[in-house]
Amino acid sequence: MNDTAHSDALELEPLSNYVEYPATAMQERAQAFYDDIARRRSVRDFDSRPIPEGIIENCLLAAGTAPSGANQQPWHFSVITSPENKKRVREAAEAEEREFYEHRAPKEWLDALAPLGTDTQKPFLEEAPALIAIFAQKYGINPDGSKYSHYYYPESVGIATGFLIAALHNAGLATLTHTPNPMRFLNEVCERPKNEKATILLVVGYPKPDCQVPVHGGRKKTLEEISSWI
Ligand code: IYR
């Protein structure tokens, strides 16, 4: 009898939910998904209309199905909707952005951002109906307070974030992957523990009717540029 942690009997179950499509259906679905996701643009001009009930919850559930290192699911999503908390986030983010744009950012970085037209003003942080602060748990905490390692946590949270953005887009909502730098203030506003690090502040809602987006953001690399086949 071996008493190491992995001596527990491996539990298996049938892969009952897999769906195989005929080749033509696969081709149609692959094309349809690409066409739909290719319409997604990062939006910085949000309407303040509220998001219908249950949408964010389901999109978060979709994000929570993402694969993760050892299935440790090292993420936490804080949904910020109250005007007071959105105001706190905006004020703290704009303070960081002033530091960034006026002092910390090297010229090369500012040059790379120029085609997006971003600046220190972040009115969307108050105007959008919801902000989702995405936290990566650098390590887990056992019931006795001791720490355990989370494997591949940045990659895992990145994958879950991708699922979330795709789910929100699929539901008909616009998003902005906003990255105030540094984002430590989000732990305070969202009351999150110190094993968690905010990675992205996802701004979610409807675009304003007259919303404009930078042309630069719609220019995507070609298949030849992003892939090689060997
Ligand atoms: N955090 C700043 C700067 C910024 C950085 C990158 I990289 C972007 O893709 C966009 C903006 C801001 O939000 O303005």
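As the structure lists them, so they are numbered: ligands from 1, and atoms in each ligand from 1.
Screening residues 189-199 for salt bridge (charged side-chain N to carboxylate O under 4.0 Å, His left out) gives Arg192-Glu196 as the qualifying pairs, with residues at least two apart or on separate chains.
Ionic pairing of Lys87 and Glu91 is present here: one or more N-O contacts between side-chain nitrogen and carboxylate oxygen are shorter than 4.0 angstrom.
Annotation: Glu102, atom CD; neighbour count of heavy atoms from other residues, nucleotides and ligands within 6.0 Å is above 12. Residue-environment remark: CD (Glu99) exceeds the threshold of 12 foreign heavy atoms within 6.0 Å. The local environment of CD in Glu53 is sparse, with at most 12 non-hydrogen atoms from other residues, nucleotides or ligands closer than 6.0 Å.
No close placement of the Tyr101 and His103 rings is indicated, their centers lying 6.0 Å or farther apart.
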List of N/O pairs, ligand 1 versus protein, all under 3.5 Å?
residue  : atom   : partner : partner atom : Å
ligand 1 : 1 (N)  : Glu97   : OE1          : 3.3
ligand 1 : 1 (N)  : Glu97   : OE2          : 3.1
ligand 1 : 1 (N)  : Thr179  : O            : 3.0
ligand 1 : 13 (O) : Glu97   : OE2          : 3.3
ligand 1 : 13 (O) : Lys122  : NZ           : 3.3
ligand 1 : 13 (O) : His178  : ND1          : 3.3
ligand 1 : 14 (O) : Tyr101  : OH           : 2.4
ligand 1 : 14 (O) : Lys122  : NZ           : 2.5

